[in-house]
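Scroll down for the structure; my scribbles are underneath it.
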Amino acid sequence: MLLRLPTSVSEARQCLSEGAIPVGGATLQWAVWQRDGFPQQAMSLREVPEANVLGAGELGAAVLLHRVDERVPEVLHQAASRVGTGAVRRTATVGGNIVGSTLRCLLPAALVLNARATALDTAGTFETDLTELTAKRPLLLSLRWRTPLASTYRKLPETGEPPLVIAAAVTPAGESRPLLRVAVRDGYDVLTETVPYNTDPDRVLDALAGTPLGALPAPAREAVRVQVAEVLGRTAV
């Protein structure tokens, strides 16, 4: 297998057009290739600057999970810090987790940030939302978001495999009132809902009860309640 290392978006696009398979840390893909056979060529974005951004409001797809730190919102930092083992986090990438993994531990965090994705295909770069990104699985270059007023993340290993994941964030909604976004990974499905922000947790929970999150099993609903109370308690609006 030939591993190609483009140094620009245009080179990465050329690699795609020539059939190179995108790969990050290959923490999951390697076992599949060993079973099914290796592609003739693969491509990593680790030398492409646009895929390595890390700062306020942006995160590149080639960034290793162990490098995701306090420069991003807490919900995203905590999500990255709880993926696998330290060895996995030193190899796995943001793009591989969100697009290439079935677990997608970072996806709930990105959803509550209302993140937008910059992606690449053989026609060039384009912006898309996370729903389209995970459905069509183009090559992710980076994520961008507006800084939340507060955010929280929780993974509950005791709930089974895969563990229940809950992310919540209070984010500004343009010039109107802030919104509360909650995302839950229950099994392999990720549910996300948005309700108006309110300082009264009971009113917020009543609003969430009328969404598909209200149909979650009782332990999951209780975990959502805890996270909602926590994020609202951190918000001074």
Side-chain angles (χ1 to χ4, degrees), residues 54-59 65-84 86 89 94 97-98 103-116 130 143-174 176-237:
L54 173 57
E58 58 182 355
L59 180 62
L65 297 185
H66 81 100
R67 293 186 56 230
V68 180
D69 56 21
E70 292 85 356
R71 286 173 283 183
V72 303
E74 180 178 349
V75 65
L76 200 52
H77 176 207
Q78 292 298 323
S81 71
R82 284 164 171 72
V83 173
R89 293 190 293 273
V94 170
N97 183 274
I98 292 178
L103 291 176
R104 302 176 295 178
C105 294
L106 270 63
L107 181 58
L111 284 168
V112 298
L113 293 176
N114 200 28
R116 297 285 295 176
L130 296 177
L143 298 173
R144 286 180 172 79
W145 58 86
R146 296 180 64 196
T147 301
L149 298 176
S151 64
T152 65
Y153 179 91
R154 187 181 182 194
K155 180 184 282 188
L156 292 84
E158 66 273 13
T159 58
E161 184 61 38
L164 182 73
V165 166
I166 301 169
V170 177
T171 59
S176 62
R177 294 183 64 186
L179 301 173
L180 172 71
R181 294 187 176 93
V182 179
V184 177
R185 187 190 71 191
D186 182 30
Y188 291 95
D189 297 323
V190 178
L191 303 174
T192 181
E193 295 294 338
T194 302
V195 296
Y197 169 82
N198 194 291
T199 55
D200 183 349
D202 289 335
R203 293 184 64 179
V204 173
L205 290 167
D206 286 345
L208 288 172
T211 73
L213 294 182
L216 289 169
R221 295 199 307 273
E222 173 60 18
V224 168
R225 185 194 67 77
V226 171
Q227 292 308 105
V228 166
E230 180 176 333
V231 76
L232 294 181
R234 296 182 182 186
T235 309
V237 181

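Just so you know, these numbers come straight off a predicted model, no measurement behind them. Note: hydrogens, waters and symmetry copies are ignored here, and every other heavy atom, side chains too, is used.
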To the nearest 0.5 Å, how far apart are [atom1] in [X] and [atom2] in [Y]?
X: I98; Y: L59; atom1: CD1; atom2: CG; value: 7.5 Å
X: T199; Y: L232; atom1: OG1; atom2: CG; value: 8.0 Å
X: N114; Y: L179; atom1: CG; atom2: CG; value: 8.5 Å

> Is there side-chain contact between Y153 and I166, with heavy atoms separated by less than 4.5 Å?
Replying inline: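 Sidechains of I166 and Y153: no contact.
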
> Does the side chain of V190 reach to within under 4.5 Å of the side chain of V184, using non-hydrogen atoms?
Replying inline: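 Contact flag for V190/V184 side chains = no.
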
Please table the atom pairs, donor to acceptor, closer than 3.5 Å between any side-chain atom in residues 222-230 and protein atoms at least two apart or in another chain.
{"from": "E222", "atom 1": "OE1", "to": "R225", "atom 2": "NE", "distance (Å)": "3.0"}
{"from": "E222", "atom 1": "OE2", "to": "R225", "atom 2": "NE", "distance (Å)": "3.2"}
{"from": "E222", "atom 1": "OE2", "to": "R225", "atom 2": "NH2", "distance (Å)": "2.7"}
{"from": "Q227", "atom 1": "NE2", "to": "T152", "atom 2": "OG1", "distance (Å)": "3.1"}
{"from": "E230", "atom 1": "OE2", "to": "R234", "atom 2": "NH2", "distance (Å)": "2.4"}

Would you please name every residue forming a side-chain hydrogen bond (donor to acceptor under 3.5 Å, both in side chains) with [X], sequence neighbours left out?
X: R82; value: Q78
X: R71; value: D69
X: R116; value: E127

Search all heavy atoms of [X] against all heavy atoms of [Y] and return the closest pair with its distance.
X: P148; Y: L113; answer: CG-CD2, 3.6 Å
X: C105; Y: K155; answer: SG-NZ, 3.5 Å
X: P162; Y: L103; answer: CB-CD2, 3.5 Å
X: L76; Y: V72; answer: CB-CG2, 4.0 Å

> Listed by chain and number, what are the salt bridge (Lys or Arg N to Asp or Glu O under 4.0 Å) partners of R221, not counting sequence neighbours?
Replying inline: none

May I have the list of side-chain donor-acceptor pairs in residues 203-219 shorter than 3.5 Å, sequence neighbours left out?
{"from": "T211", "atom 1": "OG1", "to": "L208", "atom 2": "O", "distance (Å)": "2.6"}
{"from": "T211", "atom 1": "OG1", "to": "L213", "atom 2": "N", "distance (Å)": "3.2"}

> Does A183 have any side-chain contact (heavy atoms from CB on, under 4.5 Å) partners at least two apart in sequence or in another chain, and if so, which?
Replying inline: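 Checked A183 against side-chain contact (heavy atoms from CB on, under 4.5 Å); matches are P108, L111, V112, T192.
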
>> Looking only at the side chains, is there a donor atom on one of R181 and T171 sitting less than 3.5 Å from an acceptor on the other?
In response: yes

>> Has R185 got a side-chain atom pairing as donor or acceptor with P163's backbone, closer than 3.5 angstrom?
In response: yes

>> One pair to check against side-chain contact (heavy atoms from CB on, under 4.5 Å): L106 and L65. What are the steps and the verdict?
In response: CA-CA 10 Å; L106 270 63; L65 297 185; 4.0 Å; yes

